[in-house]
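These notes are about the structure you will find just below.
Letters A, B, ... are given to chains in the order of the sequence lines, protein chains preceding strands, and every chain is numbered from 1.
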Amino acid sequence: MLSLALGLALGLVPRAALASSTPVPSPLSSAGPQESAPQEDAEGEVLWIHAQRLIVRPGEELSNAALLVRDGRIIAVGSDVVAPEGAREITGEVACAGFIDPWSVFGLEPEAAGDERTNAATRSVDGIDPYLDPRLRQQLVEAGITAYRLQAGTRARLGGVGACVRPHPGLPPDEAVLLENCCVAASVGITRGERGQDVFDRLAELDRLLGALSDAQSYLQDQIEYRYELEEWQKAITAKEKELEEGFKKAQKDREKEQQEAKEKDKEFKEKKYKEDRRPKPPRYDAEKEVLARCVSGELPLVVEVHRVAELRGLLEGTQSFGRLRLVIAGATEALAVAEDLAERRIPVIVWPAPQGRLLLNGSARPLEYSEADPALASRLEEAGVEVLLGSGGAFPSGTRELPLLAALAVGYGLDREAALAALTTRPARVLDVADRIGSLERGKQADVLVLSGDPLATTTRVLYVVCAGDIVVERKE
Amino acid sequence: MTQALLWASLAALGASPLPLARGADTFAVHAAELWLGDGQRIEDGVLLVEGGRIKAAGRGVDVPLGTPRIEHDSVISAGLIAFDCAVGLDGETSEPKRSVLATGRLIDAFDASAEGVAAALSEGITTLVLTPAPTTLAGGRCAVVKTAHGTVLSAEGLLALSLSEEALDPNRYPTSPSGAMTELERLLGAGQGALPAAARVAVLIEAPTRDDVRRALGLAERHGLRGALSGSRRAGELAEAIAAAQLAVVVGPFASGVAQRELDSVVALGRARVPLAFALELPTRHPAGLRLSASLCLRAGLDPAAAWSALTSGAAAVAGVQTRVGRLERGLDADFVLWSGNPLDLSSRPVAVFVDGVRAHQRGE
């Protein structure tokens, strides 16, 4: 009984903290990067991390170099960085930035993970499970994952606002949030429940999405017009006020004179009516349109899971009119057919590089949208000039832990090692708008560092140390 | 570079590099590393192939003058072996009406051209163990086949038994776990003759739960059964007992979303030195799943030597074909893979695969 009460009390703390520290953002407020409080190290400990091969970012490597970490940040990187006195010294063969999974459902409340009734305004951070077993987060950092996009409603048409989160096992959930609005997710033509969809169903879903974007654009237009009209109205009112103020004495005299005249002529005195312009009315508030308007204006990227050629083509064609939309495609099983277009428009693609088995009619081994799956997809898209990201498919919470293995498999299937590393670090950081803080080992970045026994994309490599937000969260003897 | 060399060497082999039957040619392959399969890794080794079999493997092998030579700058190993496969027509691995098919043979449902076989070959898998579905109490004999040339290694392999609740059906006997045990005890009983003489035939017992594993261990002890357990997700909790019964365990397949506990179970089996093999479930699963299963276990802490044995020589021993495949050793079939790197690293891929001394797969084709 006592333990139950204690458990409840302990459990409720993070929930309350979450509620208090992540206020609902005002809808059209500009969402600049909302930085979580940097991890103040109690002792102000300095970490000195030395590696034979220090990968600052894919394509930029230093040999026999070191980096210094203080207060959760990288304060120096280079071959000449020496360990200051009293610094904690960590050495290894290879050091690189922590991996980022741009397509994950890890850490959501179990009931929320498969929710198909989310909408554009659903906030993934609200679904974070405060009771999640910390060992699961520990497994993630042990695999080298130091950040991921938490996305609710991955099986829904509109999944809502995704968050960029750290799986730091020691941080309360709210402090682990790097950016609570990093994108809006949608899906077109995927298997929902037991039901696969034919091409017309899929295209109808696409039309709904494009329709919603178009509505959001009108909404945005109305908002802009309203603000303009309001400004004009305020200007007019101010001008009128000024005019009245200045002409006050003359107007008073005129009025008295008119009153006098009326009295003399024994007529009824009529007050001059003052007419004021009506204040413009704001457009009716719509939470979903508010969020999608932020996509249309280019503030938040729109990540659409879409797999087959018909809807891929339709999506590319239909989004052309939204000039500022930052489209990201996820899944993309048959995207080779539109690779040229994707490359030209610089649309990033998140590929889940898991080997997919055969489709079974009953007890299907994989969803219908993966029926043409090819383990070499990532490599072929990359060769065609498409910017490829690797993600864990948004299907299983623990899939995120397997991402580094699957990335290695993609390398086996021809993906360039450097591109694969970028697909796990710099590219997701950029796409999720957190590149100013994570994704590389540059000076000034927050310290998410892996120290490894070998190449980051070899599955025989062991993760020796993981530094997450400046804290050592994994420490293993070789 | 590797491929260019390989092509040059293959061209030197003669006009037709792809004869359909067992290779009659003699040729040598020189590799930066030979993984013999018994734990030995020979640097700068040579594999000498003659008539589809391995004539010699090791360092300083005496290669006759004029023997065509293939150069490979990385690892060469024996081909991989995958359990729990079904290559043939759908539904041919199960029997809905009868619970005992002691003399059934999976080889009769083997179709060498079936979906998934070529893909398995391209993943470096040269041997498949075809297993009856666990929906039948006694499902008949497993078959062991190769992924090229339609070669059959064993038409009457392990006898498949199932303690899974899938084998229980309200419309036929047995309908309960105790009924299943009674029936198996009767079938295995000395002198009954209903099942092939248990002492001579190894069995593959499907035992999904912990209780099933206990029951299987009991059967094995009472009837002196040899062989392996399969489908046992938590077998690791009984690792010592399984080791004492001298049974092997077929584990997996594992993929994205696997519970850590299942992987920890495999690690525990490895620690107890229980012989292991990996299930693949071809064609339901992608053949890349075999090495993915092994990699997941490695990450969980399985000893690399145990993992490699489970993919090759150990699996061959479980399947009863260790005198034919699983190692690079004089007299064994010349089934081997030229890898682009360490075969236990998922970022390595087969560059070429030879079966019966004949190149059956070449990357990029």
Side-chain angles (χ1 to χ4, degrees), chain A residues 105-106 133 135-136 138-140 142-144 352-366 370 373-376 379 392-417 420 454-463 476, chain B residues 75 85-87 90-91 114-117 119-120 122-124 133 166 253-264 280-302 304 307-308 339-351 363-364:
Chain A
V105 288
F106 179 85
D133 186 344
R135 281 175 298 183
L136 295 175
Q138 187 65 34
Q139 287 172 10
L140 238 60
E142 279 172 6
W352 180 31
Q356 304 283 345
R358 183 179 65 158
L359 185 78
L360 290 182
L361 290 177
N362 45 358
S364 69
R366 65 174 168 198
Y370 285 103
D374 174 3
S379 121
S392 64
F396 314 100
S398 63
T400 296
R401 192 188 57 181
E402 265 73 88
L403 182 61
L405 289 184
L406 297 180
L409 196 63
V411 170
Y413 274 96
L415 183 62
D416 176 62
R417 264 176 209 273
D455 188 272
L457 284 151
T459 56
T460 43
T461 293
R462 281 174 55 80
V463 176
R476 272 191 253 188
Chain B
V75 178
C85 297
V87 283
D90 278 340
E115 186 191 350
V117 177
S122 73
E123 291 290 338
E166 283 182 78
F254 306 118
S256 263
V258 61
Q260 186 65 30
R261 194 157 74 175
E262 284 187 52
L263 301 176
D264 291 342
L280 171 59
E281 289 183 6
L282 194 74
T284 316
R285 306 240 183 187
H286 191 280
L290 186 69
R291 283 197 305 140
L292 181 59
S293 291
S295 296
L296 284 161
C297 295
L298 280 174
R299 196 190 56 192
L302 182 65
W308 183 247
W339 297 91
S340 67
N342 181 343
L344 284 172
D345 177 358
L346 284 178
S347 66
S348 307
R349 286 277 295 163
V351 176
R363 192 177 185 180

* Asked: So which heavy atom on B:His286 is nearest to which on A:Tyr413, and how close?
  -> CE1-OH, 3.4 Å
* Okay, side chain of A:Glu402, backbone of B:Gly257: is any donor-acceptor separation there less than 3.5 Å? -> yes
* Asked: Checking B:Asp345 side chain against A:Ala458 main chain: does a donor-acceptor pair fall under 3.5 Å?
  -> no
* Under 4.5 Å from a heavy atom of chain B, the part of A:Glu142 involved -> neither
* **Contact class of B:Ala255 relative to chain A, heavy atoms under 4.5 angstrom** => backbone
* Asked: Looking at A:Val411, A:Thr459, A:Val463, which makes the most heavy-atom pairs under 4.5 Å with chain B?
  -> A:Thr459
* Structure fact -> One should read off an interatomic distance between A:Thr461 OG1 and B:Arg299 CZ, to the nearest 0.5 angstrom, of 13.5 Å
* Check each atom of A:Leu406 against the heavy atoms of chain B and say whether the ones under 4.5 Å are side chain, backbone, both or neither. => side chain
* Pair A:Arg401-B:Gln260, side-chain donor/acceptor within less than 3.5 Å -> yes
* To do: Work out which heavy atom in A:Leu405 is nearest to a heavy atom in B:Leu296; give both atom names and the distance.
  => CD1-CD2, 3.5 Å
* Asked: Does B:Ser347 use its side chain to pair, donor to acceptor, with the backbone of A:Leu409 at less than 3.5 Å?
  -> no
* Asked: Quick one: salt bridge (Lys or Arg N to Asp or Glu O under 4.0 Å) partners of A:Asp455, sequence neighbours excluded?
  -> A:Arg53, A:Arg417
* **Interface moiety of B:Ser340 toward chain A, non-hydrogen atoms closer than 4.5 Å** => neither
* Asked: Which pair of non-hydrogen atoms, one from A:Gly399 and one from B:Ser256, has the smallest distance, and what is that distance?
  -> CA-OG, 4.3 Å
* Structure fact -> Ranking B:Leu282, B:Val258, B:Asn342 by heavy-atom pairs under 4.5 Å to chain A gives rank one to B:Val258
